[in-house]
Amino acid sequence: MTNATRPLIAGNWKMNVLREAGDALARALVNRWQMAEPRNVELVLCPPSTLLSTVGNALEESTILLGAQDCHWEVEGAHTGDISASMLSDLGCRFVILGHSERRGAYGETDKKIAAKVGAAQAAGLKTIVCVGESLAERNAGKTAEIVESQLASSLPEEIFPEDTVIAYEPIWAIGSGKTPNIDEISYVHERIRAALNKRFQPEVALPILYGGSVTVGNAAEILAIQEVHGALVGGASLDVEAFCTIAESCS
Ligand code: PGA
């Protein structure tokens, strides 16, 4: 891991946890992380929208930052059921995950829509974790790099704050499956992402590239030691305080 900024470990609770349990989980995380600090790692927690306030309160006195899992691309208006980026900022969010494959897949979110969301989120002062990743069929067809580069090119808006941008490489087939690419494969894709970013951003910006997809206590150290891996987006294991902190402590 070589990067000027601190590695980032983001927990994505997805559509899990009710209020009481969420409050307890966040408070347990704060206590456990306090025992671990000072650590040279940035921790972000992304609970479902219903828990942003509760978890935000629990994190208030800690160094752990609050993030959301999605936002709308418009500033405000007639969008029943949606949440704007400024609403997230208003709740104390500092980050938002955008373009997660579960949203690309279930809601037909296109690269173009994701780029609009990134623009809206950054305009509202949020840091954006932009997800890219190939399906199993695309991987089997040898198209991983091509797909990832194409998503990357189209999911970032023209007007962008690189310093507020984080990329997460998440192979779709690795998410929640217990399977991961091998170290060489992760390393290769991250290098391709880095090369694409270096072409796009001149002068070059050391924008963090996270890996996500079945990160566990067992594989975190090896994955986080890869040169172009600057942290992880953790789903299932982020619901377990000890596992999540142990993963974060694996950043060397
Ligand atoms: P997982 O999820 O760690 O449960 O595989 C990762 C993600 O979807 O961000």
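Just so you know, ligand 1 is whichever comes first in the structure, and atom 1 is the first atom listed for that ligand.
- The protein atom (non-hydrogen) at minimum distance from atom 4 (O) of ligand 1 is G236 N, 2.8 Å.
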**OP:** Take R27 and D23 through the salt bridge (Lys or Arg N to Asp or Glu O under 4.0 Å) test and state the conclusion after the steps.
**Re:** CA-CA 6 Å; R27 287 182 194 280; D23 182 54; 2.9 Å; yes
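- Atoms of ligand 1 lying under 4.0 Å from at least one heavy atom of G176, given by number and element, are 1 (P), 4 (O), 5 (O).
- Remark: distances from the non-hydrogen atoms of A237 to ligand 1 are all 4.0 Å or more.
- Under the side-chain contact (heavy atoms from CB on, under 4.5 Å) rule, D70 has a single partner from K117, E102, H100, which is K117.
- Those atoms of ligand 1 with a heavy atom of L233 less than 4.0 angstrom away are 9 (O).
- Between I209 and L197, the closest side-chain pair of non-hydrogen atoms falls below 4.5 Å.
- For G212, the closest heavy-atom approach to ligand 1 does not fall below 4.0 Å.
- Between the side chains of E76 and S86, no donor N or O sits under 3.5 Å from an acceptor N or O.
- Of all the atoms in ligand 1, the ones that sit under 4.0 Å from a non-hydrogen atom of G213 are 5 (O).
- Distances below 4.0 Å separate heavy atoms of H100 from the following atoms of ligand 1: 7 (C), 8 (O), 9 (O).
- For the residue pair Y169 and E134, a side-chain donor N or O sits within less than 3.5 Å of a side-chain acceptor on the partner.
- Proximity of N12 to ligand 1, defined as any heavy-atom pair under 4.0 Å, is confined to the side chain (atoms from C-beta onward).
- Using a 4.5 Å heavy-atom cutoff, the side chains of N31 and V241 are not in contact.
- In terms of protein heavy atoms, atom 3 (O) of ligand 1 is closest to G235 N, 2.8 Å.
- A 4.5 Å side-chain heavy-atom check between T63 and L43 finds every atom pair outside the cut-off.
- Every atom of ligand 1 is numbered from 1 in the order shown, and the set under 4.0 Å from a heavy atom of S214 is 1 (P), 3 (O), 5 (O).
- The shortest contact between atom 9 (O) of ligand 1 and any protein heavy atom is with E170 OE2, 2.7 Å.
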